[in-house]
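Quick notes on the structure that follows.
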Amino acid sequence: MEQGYALAAFFIIAAAIGSAMLIGAKILGVRSKRPKGLKESTYECGEAPSGMAWVRFHARYYVVALFFVLFDIEAAFLMPWGLIVREAGTTGLFVIFSFVGVLMLGWGWALRKGALEWQ
């Protein structure tokens with residue numbers, strides 16, 4: 001029970017310090033004294049920006065990103081299973097094969113629809 005009080009006290013003190021800093025900065029009017037011209041410009045790898053910052057991307061980029069996240073999560077789920085494969089037995093083997101099977105069905109569907117073709 002003591003740990004609960006200590007944790008609550010920590011959060012209360014952290015919130016109080018953060019709030020005091022924000023309120024103090026607002027009251028004292030802490031601001032930059034330098035001109036804002038360069039600070040408000042877009043930073044593009046040290047080069048002057050060319051064109052608008054808001055550019056439309058083709059949906060293909062989002063599909064590739066979605067597949068990356070999908071297979072990244074698959075790897076995150078497969079890693080713990082690989083560590084306990086011997087203790088999981090045949091039930092664990094069936095579960096992981098069904099998991100990978102469903103993912104492969106989705107991948108096959110995407111290939112058939114042409115979602116992964118880059119033109």
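If you read the sequence from its start, that first residue is 1, and numbering goes on from there. Note that the structure is a prediction, hence the values are computed from the model and not measured.
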Quiz prompt | Non-hydrogen atoms of Trp81 and Ala88 that approach each other most closely | solution = NE1-CB, 4.4 Å
Quiz prompt | Residues that, via side-chain heavy atoms closer than 4.5 angstrom, fall in one hydrophobic cluster with Ile84 | solution = none
Quiz item: Which ILVMFWY residues can you reach from Ile23 by hopping between side chains whose heavy atoms are under 4.5 Å apart?
Solution: Ile27
Quiz prompt | Other cluster members, Phe94 - Ile/Leu/Val/Met/Phe/Trp/Tyr, side-chain contacts below 4.5 Å | solution = none
Self-check item: Linked, directly or transitively: Phe99 and Val95 (ILVMFWY side chains, under 4.5 Å)
Solution: no
Quiz prompt | Residues Tyr62, Leu66; criterion side-chain contact (heavy atoms from CB on, under 4.5 Å); working and verdict | solution = CA-CA 6 Å; Tyr62 299 110; Leu66 183 66; over 6 Å; no
Quiz item: What's the spacing between Phe97 CZ and Thr90 OG1 if we round to 0.5 Å?
Solution: 12.0 Å
Quiz item: By ring pair (Phe, Tyr, Trp, His ring centres under 6.0 Å), which residues pair with Phe67, not counting sequence neighbours?
Solution: none
Practice problem: Step through the shown structure and confirm whether more than 12 heavy atoms of other residues, nucleotides or ligands are within 6.0 Å of CZ on Phe77. | Solution: no
Exercise. If you link ILVMFWY side chains whenever their heavy atoms are less than 4.5 Å apart, which other residues fall into the same cluster as Ile17? By chain and number, please.
Key: Ile13, Met21
Exercise. Indicate yes or no: at least one non-hydrogen side-chain atom of Glu74 is less than 4.5 angstrom from one of Leu78.
Key: yes
Quiz prompt | Side chain proximity check, Met104 to Val100, heavy atoms < 4.5 angstrom | solution = yes
Exercise. For the pair Ser19 (side chain) and Ala16 (backbone), establish whether a donor and an acceptor sit closer than 3.5 Å, ignoring hydrogens and angles.
Key: no
Pairs of donor and acceptor atoms involving the side chains of residues 105-115, under 3.5 Å and at least two apart or interchain, shall be tabulated with distances.
none

